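Below, each value reflects all heavy atoms present in this structure, side chains not excepted, and no hydrogens, waters or symmetry copies. Quick note on labels: first sequence line is chain A, next is B, and so on, each numbered from 1. Fair warning: this is a prediction, and the values are worked out from it, not measured in the lab.
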Protein chains: 2
Amino acid sequence: MVEKLIESLRKKGLKITPQRLAIFRVLKDNKSHPGAEEIYQRVRKDYPTISLATVYQTLETLEQIGGIRILRFDRRKTRYDPDLSPHHHLICTRCQKITDLHDDYSETVRLPPSLTNRFQINGFNVVFYGICGECRKKRKSQKRKAK
Amino acid sequence: MVEKLIESLRKKGLKITPQRLAIFRVLKDNKSHPGAEEIYQRVRKDYPTISLATVYQTLETLEQIGGIRILRFDRRKTRYDPDLSPHHHLICTRCQKITDLHDDYSETVRLPPSLTNRFQINGFNVVFYGICGECRKKRKSQKRKAK
DNA sequence: GTCTATGCAAATAATTTGCAGTAAT
DNA sequence: ATTACTGCAAATTATTTGCATAGAC
């Protein structure tokens with residue numbers, strides 16, 4: 001995994017810095033879709049002098065070389081996803097939690113032919129909006145209190 | 001159109017203020033997915049004393065009563081969409097332009113049964129990422145210059 | 001008259017930028 | 001030795017909040 005990343009960096013003539021590797025390692029098995037700040041806090045444990053700006057820059061770099069995905073549908077902050085397999089997301093509009101959905105719609109979700117020459121598609125993502133189980137429970141108990 | 005909005009406001013016990021109507025009117029035939037600032041500038045022409053904070057608040061309100069959709073996938077800013085018909089979006093990752101795609105995937109894009117009882121879906125949106133025609137042209141000419 | 005909505009200013013929070021020093025090549 | 005990368009601090013930008021006043025009901 002990290003080897004692949006190193007190779008990708010080399011190919012693009014980018015430098016293999018300990019910070020880049022550390023950030024990638026923090027992210028690579030993480031299914032929680034963390035934001036920059038969370039990643040920063042984790043990486044700091046090993047690299048106490050790293051700065052938040054470097055984290056932001058590095059995450060952009062990692063996306064550009066195809067190492068991670070950047071998720072920009074959270075109202076509050078950008079989130080980062082190391083999972084590059086075709087998958088989609090469920091967003092709880094109450095608590096903002098993001099859940100993965102490993103379901104491949106690439107056979108059915110297609111750009112209509114009339115647009116394929118006007119727009120060069122690099123990928124797509126399906127985002128489901130709704131209320132997660134936890135929030136539904138909470139809401140029910142709140143309604144009970146309200147009475 | 002505006003009549004429906006007024007009714008929705010009434011139903012929820014919300015007040016029918018000139019600001020709310022003005023913001024909705026600005027938005028209702030707008031296909032450009034404007035941000036709060038742009039909406040603010042337009043509404044200002046008729047209501048010079050309106051504040052940006054009111055615009056933000058009102059847009060939230062309009063979403064809550066089902067009058068508009070809020071689009072949160074632009075890196076830079078939240079965008080607002082008056083089109084409530086089932087449609088999806090193409091995003092140019094270079095210029096950030098958002099194009100509508102009126103194509104209904106509701107028959108094929110479904111949450112797997114294993115999740116339907118754990119997550120209450122209110123809707124979904126397909127986002128295509130790519131490069132728009134204009135940006136492709138620009139890029140080509142830039143490459144030419146670079147040589 | 002009551003109570004919500006507005007306008008203003010200040011606060012917040014995420015992200016970006018400029019630049020000098022540091023380290024990977 | 002070169003040139004890209006990092007760390008720091010400051011800047012920027014979108015959005016939110018608190019509160020007094022105005023306005024819809």
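A heavy atom closer than 4.0 Å to some atom of DNA chain D occurs in no member of residues 65-73 of chain A.
The interatomic distance linking B/Y47 (OH) with C/dA5 (P) rounds to 17 Å, in whole Å. Going from atom CG of A/L21 over to atom P of D/dC5 covers 13 Å, rounded to whole Å. Look at CZ on B/R44: it is 11 Å from P on C/dG7, rounded to the nearest Å. D/dA14 atom P lies 11 Å from atom OH of B/Y80, rounded to whole Å. A/Y40 places its OH atom 14 Å from the C1' atom of C/dT15, with the value rounded to the nearest Å. When rounded to the nearest whole Å, the span between CG of A/L59 and C1' of C/dA14 equals 13 Å. Taking atom CZ of residue A/R75 and atom P of nucleotide D/dT13, one finds them 22 Å apart after rounding to whole Å. Atom C1' of nucleotide C/dT15 and atom CG of A/L52 are separated by 8 Å, given to the nearest angstrom.
In this structure, a donor-acceptor pair under 3.5 Å is absent between the side chains of A/T61 and A/T58. Counting only N and O atoms by type, the side chains of B/D81 and B/H89 include a donor and acceptor under 3.5 Å apart. A side-chain donor from one of B/H102 and B/D83 sits under 3.5 Å from a side-chain acceptor of the other. Looking at A/H33 and A/D74, their side chains never bring a donor and an acceptor atom within 3.5 Å of each other.
Taking the charged nitrogens against the carboxylate oxygens, A/E134 and A/K97 do have a contact shorter than 4.0 Å, which makes a salt bridge. A salt bridge does not link A/R79 with A/E38: none of the charged nitrogens is closer than 4.0 Å to a carboxylate oxygen. Ion pairing between a basic and an acidic side chain is recognised when a charged N comes within 4.0 Å of a carboxylate O; B/R75 and A/E60 show such pairing.
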Give the table of side-chain donor-acceptor pairs shorter than 3.5 Å for residues 2-24 of chain A, with sequence neighbours excluded, one pair per line with atom names and distance.
from: A/S8; atom 1: OG; to: A/K4; atom 2: O; distance (Å): 3.0
from: A/T17; atom 1: OG1; to: A/R20; atom 2: N; distance (Å): 3.2
from: A/R20; atom 1: NH1; to: A/K15; atom 2: O; distance (Å): 2.8

Distance-only donor-acceptor hits, side chain of residues 115-123 of chain B, under 3.5 Å, sequence neighbours excluded:
from: B/T116; atom 1: OG1; to: B/P113; atom 2: O; distance (Å): 2.8
from: B/Q120; atom 1: NE2; to: B/N122; atom 2: OD1; distance (Å): 3.2

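Side-chain nitrogen and oxygen atoms of B/T78 include none within less than 4.0 Å of the OP1 or OP2 phosphate oxygen of D/dA14. Phosphate proximity of D/dT16 to B/Y56: absent, as no side-chain N or O sits under 4.0 Å from OP1 or OP2. Listed pair B/R20 / C/dA5 meets the phosphate criterion, a side-chain N or O lying under 4.0 Å from OP1 or OP2.
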Under-3.5 Å N/O pairs linking protein and nucleotides 21-25 of chain D:
from: D/dG23; atom 1: N2; to: B/K15; atom 2: NZ; distance (Å): 3.3
from: D/dC25; atom 1: OP1; to: B/I16; atom 2: N; distance (Å): 3.2

Sub-3.5 Å pairs of nitrogen or oxygen atoms, protein against nucleotides 8-11 of chain C:
from: C/dC8; atom 1: OP2; to: B/T49; atom 2: O; distance (Å): 3.4

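The bend of the helix from C/dG1-D/dC25 to C/dT25-D/dA1, defined by the angle between the axes of its first five and last five pairs, stands at 40° to the nearest 10°.
Residue A/V126 is tested with B/V126, B/L111, B/N125 for a side chain to side chain contact (heavy atoms under 4.5 Å, CB included); the sole match is B/V126.
Rounded to the nearest 0.5 Å, atoms CD (A/E107) and OG1 (B/T108) are 11.5 Å apart. Rounding to the nearest 0.5 angstrom, the gap separating the SG atom in B/C132 from the CD1 atom in B/I91 is 12.0 Å.
A donor-acceptor contact shorter than 3.5 Å links the side chain of B/Y105 to the backbone of A/R110.
Minimum heavy-atom separation, A/V26 to A/R42: CG1-CB, 3.9 Å.
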